[in-house]
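Whatever order the structure lists ligands and atoms in, that order sets their numbers, starting from 1.
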Amino acid sequence: MTVLGIDIGGSGIKGAPVDVDAGALIVERVRVETPRPATPDAVLPALVDVAGSWKSGDPVGVTFPGVVRHGVIGSAANLHPDWLGLDAAARFTAELGRPVTVLNDADAAGVAEMAFGAGRNVRGVVLLLTFGTGIGSALFVNGRLVPNTELGHLELHGADAELHASDRIRDERGLSWRDWAARVQDYIAHVERLISPDLIVLGGGVSKKADRFLPHVKVGTPVVPAVLQNNAGIVGAAMATTGRF
Ligand code: BGC
């Protein structure tokens, strides 16, 4: 079964048709820059643009980088506050003319990793953390998602953790991989104390460069890079339309 998955991120909007039985993109993904300021009115045409690359009447799965409760946006730390309270599922459905399911971006990546990647067949408490523009989290208990955990906004050294350890901060501050790894370690150690996970999966854009920083991250919990890397959000978005999580 093929379903279109679209991942709205703080820096790019990426989409591709996904084989939801294999957990793989069936063609190369399309990417456009996330417009700035990232208001709903600016982002919607970009979303329509990406979705328009593949015309079909099928449902579409879309991720959003904030809290999404039953299709309604509850937070938008790295997009415009105009998103707050918007029924994104209804608005996207109206704009795309196809039924749209909306879920948090990290939750979507987690869903894909649990089914096809590093969390496959892992029981107990699994936490996926994405390091990109922000820090996203997806918590699974015996394979079942606890949505909207938002652990990127835990307080660390008196500030929002994602302002200390996201990949955007590494980039903006010109941090070396080793210096940034120290921040990631600090953050993960904090999360570990609160949740005691059995496995941590690192996703987001940096997962494909895990060899540069992961060896420097020393924590008690096993930490592995995401297998689907930066495509996990697109795959999870598509899976969400089928209720397979
Ligand atoms: C948002 C999360 C999101 C994460 C990654 C955070 O700022 O609050 O909902 O998952 O960024 O995009």
Side-chain angles (χ1 to χ4, degrees), residues 5-15 31-40 43 46-47 61-86 88-89 101-114 119 126-140 145-156 159-172 180 183-184 187-188 190-191 195 200-208 225-226 228-237 239-240 245:
I6 301 180
D7 192 10
I8 301 180
S11 57
I13 301 173
K14 300 149 278 186
R31 182 185 191 278
V32 300
E33 292 292 311
T34 304
R36 290 281 159 190
T39 59
V43 170
L47 179 70
V62 177
T63 77
F64 185 83
V67 168
V68 185
R69 288 160 87 197
H70 313 292
V72 177
I73 305 303
S75 76
N78 294 300
L79 299 186
H80 196 276
D82 278 2
W83 283 96
L84 301 180
L86 183 81
T101 304
V102 188
L103 78 165
N104 173 263
D105 57 352
D107 284 348
V111 163
E113 281 296 320
M114 292 304 286
V126 179
L127 181 67
L128 174 120
L129 294 171
T130 64
F131 291 82
T133 309
I135 296 178
S137 61
L139 181 67
F140 293 83
L145 172 68
V146 181
N148 294 311
T149 43
E150 292 292 323
L151 300 183
H153 299 295
L154 286 172
E155 189 177 315
L156 190 65
D160 196 325
E162 76 173 23
L163 300 178
H164 181 71
S166 66
D167 188 46
R168 173 166 57 107
I169 295 298
R170 180 190 63 77
D171 194 38
E172 282 177 7
W180 183 63
R183 292 179 178 222
V184 171
Y187 170 67
I188 292 181
H190 185 48
V191 171
I195 310 247
I200 295 177
V201 181
L202 291 193
V206 288
S207 52
K208 50 181 184 287
L228 283 84
Q229 299 185 340
N230 218 10
N231 286 335
I234 297 175
V235 173
M239 289 175 66
F245 63 92

Does ligand 1 have any N/O atom under 3.5 Å from a protein N/O, and what are those pairs and their distances?
residue: ligand 1; atom: 7 (O); partner: N78; partner atom: ND2; Å: 3.2
residue: ligand 1; atom: 7 (O); partner: H153; partner atom: NE2; Å: 3.2
residue: ligand 1; atom: 7 (O); partner: E162; partner atom: OE1; Å: 2.7
residue: ligand 1; atom: 7 (O); partner: E162; partner atom: OE2; Å: 3.1
residue: ligand 1; atom: 8 (O); partner: E150; partner atom: OE1; Å: 2.6
residue: ligand 1; atom: 8 (O); partner: H153; partner atom: NE2; Å: 2.6
residue: ligand 1; atom: 9 (O); partner: G66; partner atom: N; Å: 3.3
residue: ligand 1; atom: 9 (O); partner: N104; partner atom: ND2; Å: 2.9
residue: ligand 1; atom: 9 (O); partner: E150; partner atom: OE1; Å: 3.4
residue: ligand 1; atom: 9 (O); partner: E150; partner atom: OE2; Å: 2.5
residue: ligand 1; atom: 10 (O); partner: N104; partner atom: ND2; Å: 3.2
residue: ligand 1; atom: 10 (O); partner: D105; partner atom: OD1; Å: 2.5
residue: ligand 1; atom: 12 (O); partner: D105; partner atom: OD2; Å: 2.6

| Between S137 and T149: side-chain donor-acceptor atoms closer than 3.5 Å | yes
| message | Among residues at least two apart in sequence or on other chains, which ones pass ring-ring contact (aromatic ring centres under 6.0 Å, His included) with Y187? | response | none
| message | My understanding is that only residues two or more places apart in sequence, or in another chain, count here; which of them pass ring-ring contact (aromatic ring centres under 6.0 Å, His included) with H190? | response | none
| Looking at V62, I234, T63, which one forms a side chain to side chain contact (heavy atoms under 4.5 Å, CB included) with I6? | V62
| said: Just checking R36: does its CZ atom have more than 12 heavy atoms from other residues, nucleotides or ligands closer to it than 6.0 angstrom? | reply: yes
| remark: Hits for salt bridge (Lys or Arg N to Asp or Glu O under 4.0 Å) against E33, two or more places apart or cross-chain, chain-then-number order -> R31
